[in-house]
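Take a look at the structure set out below.
Being a predicted model, the structure only gives us computed values, none of them experimental.
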Amino acid sequence: MADAPGPCGEAELETRLRELAAARYHGRHPFNQRLHRGELSPGELRTWVANRFYYQCNIPVKDALVLAKLPLPAQRRSWVRRIRDHDGVDGQEGGIERWLRLGEAVGLDRQDLLAHRHLLPGVRLAVDGYVNFCRNGNALEAVASSLTELCAPSIMLTRPGPTRSPATELSRPSGKPPVSSGNETSPSASTSSCTGTTSTPSTPSWSPPSTGTPTASSWPTPSSTDEASSIVRP
């Protein structure tokens, strides 16, 4: 029987992680590809925001659990930044508040978002499972599950900005500036965190619908393979 491979070096581990992320990160899912191209209907976009918001709310909870497992003060000082990024600090809003503003911009009610009234059962199961993994695992496992920063920055560049989103344009009052989640930027070029290559994101094109309300035919069926299996209807 062949000997089991020994531990790899730091550089090799990083390379293998980046290759895995580039091949399997959720940005490659067909639903997310449609999101990045600006092809979602207003109802689909609202569903995505409402369900993604539950995940965003649980990230600081997950990070607090990770923080409690770190043995060294320097490690805890480094990790606590993640909680502040989402929850904010005195006098400064965090990412969760920006997601609430994003939800309002696409036509969702703030109180509905806070109560998670549009949350799909499968999303709750997946997010709660992630939090529980970090709660029950050791420090190494919990940290290893939090490698979003390898790919998230480059994915943010491919998402259409608020001014290119049909749902945002339908719900935003005339003359009011668009609102972003605070985590999304749209520079003309950036280095991909997954691949290390520089790319220029394309601007998705879309045609505004003739009315402010999508037709029933624009809603995907529950059997769809998209990330959202039901729709928060306008």
Inset, instruction - Please write out which residues are connected to F133 in a hydrophobic cluster, directly or through intermediates, given that two of Ile, Leu, Val, Met, Phe, Trp, Tyr count as joined at side-chain heavy-atom separations below 4.5 angstrom. - result: none
Inset, instruction - Taking side chain to side chain donor-acceptor pair (under 3.5 Å) as the test, write out the residues that go with R124, two or more places apart. - result: none
Inset, instruction - Using a 4.5 Å cut-off on heavy atoms from C-beta on, say whether the side chain of E44 contacts that of R34. - result: yes
Legend entry - Q111 and L114, any side-chain heavy atoms less than 4.5 Å apart: yes
Legend entry - Straight-line distance of D128 CG to N58 CG, nearest 0.5 Å: 6.0 Å
Legend entry - Nearest heavy atoms of L113 and G103, plus distance in Å: CD1-CA, 3.7 Å
Inset, instruction - Work out which heavy atom in R46 is nearest to a heavy atom in G107; give both atom names and the distance. - result: NE-CA, 4.0 Å
Inset, instruction - Taking the side chain as every heavy atom from C-beta outward, state whether V143 and L70 have any pair of such atoms under 4.5 Å apart. - result: yes
Inset, instruction - Scan for salt bridge (charged side-chain N to carboxylate O under 4.0 Å, His left out) pairs involving residues 112-121, sequence neighbours excluded, and state none if there are none. - result: D112-R117
Inset, instruction - Please report the closest heavy-atom contact between A22 and R28, naming both atoms and the distance. - result: O-CD, 3.0 Å
Legend entry - Any donor-acceptor N/O pair, T47 side chain to G43 backbone, under 3.5 Å: yes
Legend entry - From CA spacing to verdict: side chain to side chain contact (heavy atoms under 4.5 Å, CB included), F53, L100: CA-CA 8 Å; F53 181 66; L100 284 167; 3.5 Å; yes
Legend entry - Check: P73 and R76 side chains under 4.5 Å, non-hydrogen atoms: yes
Inset, instruction - Indicate yes or no for a side-chain donor-acceptor contact from R110 to the backbone of E104 under 3.5 Å, with no hydrogens or angles considered. - result: no
Legend entry - Spatial distance of atom CD (E12) from atom CG (L17) [nearest 0.5 Å]: 10.5 Å
Inset, instruction - Using ring pair (Phe, Tyr, Trp, His ring centres under 6.0 Å) as the criterion, point out the one residue from W48, Y55, Y54 that pairs with W99. - result: W48
Inset, instruction - Sequence neighbours left out, what passes salt bridge (charged side-chain N to carboxylate O under 4.0 Å, His left out) with R84? Give chain and number order. - result: none
Inset, instruction - Check side chain to side chain donor-acceptor pair (under 3.5 Å) between D63 and all other residues, then give those that pass, not counting sequence neighbours. - result: W79
Inset, instruction - Indicate the atoms forming the closest heavy-atom contact of C134 with S145, along with that distance. - result: SG-OG, 3.3 Å
Inset, instruction - Considering non-hydrogen atoms only, spot the tightest contact between L140 and N138 and give its length. - result: N-OD1, 3.1 Å
Inset, instruction - Please determine which of Q56, E93, H86 meets the side-chain contact (heavy atoms from CB on, under 4.5 Å) test together with R98. - result: E93
Legend entry - Donor-acceptor contact below 3.5 Å, side chain N32 vs main chain L35: no
Inset, instruction - Side-chain contact test, heavy atoms from C-beta onward, threshold under 4.5 Å: evaluate it for D85 versus R81 and give yes or no. - result: yes
Legend entry - Pair R101-E97, salt bridge (charged side-chain N to carboxylate O under 4.0 Å, His left out): steps then yes or no: CA-CA 6 Å; R101 290 165 56 199; E97 173 59 28; 5.1 Å; no
Inset, instruction - Under the side chain to side chain donor-acceptor pair (under 3.5 Å) rule, collect the residues that match up with D109, sequence neighbours excluded. - result: none
Legend entry - Side-chain (K69) to main-chain (G137) donor-acceptor, under 3.5 angstrom: yes
Legend entry - Y130 side chain near I59 side chain, heavy-atom distance below 4.5 Å: yes
Legend entry - Cluster check I96, V106: I/L/V/M/F/W/Y, side chain < 4.5 angstrom: yes
Legend entry - Nearest-0.5 Å distance that lies between atom CZ in R52 and atom CG in L119: 13.5 Å
Inset, instruction - Indicate if V66 and V131 have the same hydrophobic cluster label, given that clusters are the connected sets of ILVMFWY residues with side-chain heavy-atom separations under 4.5 angstrom. - result: no
Inset, instruction - Report the C-alpha distance between H26 and F31 in whole Å, list the side-chain angles of each, state the deciding distance to 0.1 Å, and finish with yes or no for ring-ring contact (aromatic ring centres under 6.0 Å, His included). - result: CA-CA 9 Å; H26 66 76; F31 181 90; over 10 Å; no
Legend entry - Heavy-atom closest pair, residues N51 and H118: ND2-O, 3.4 Å
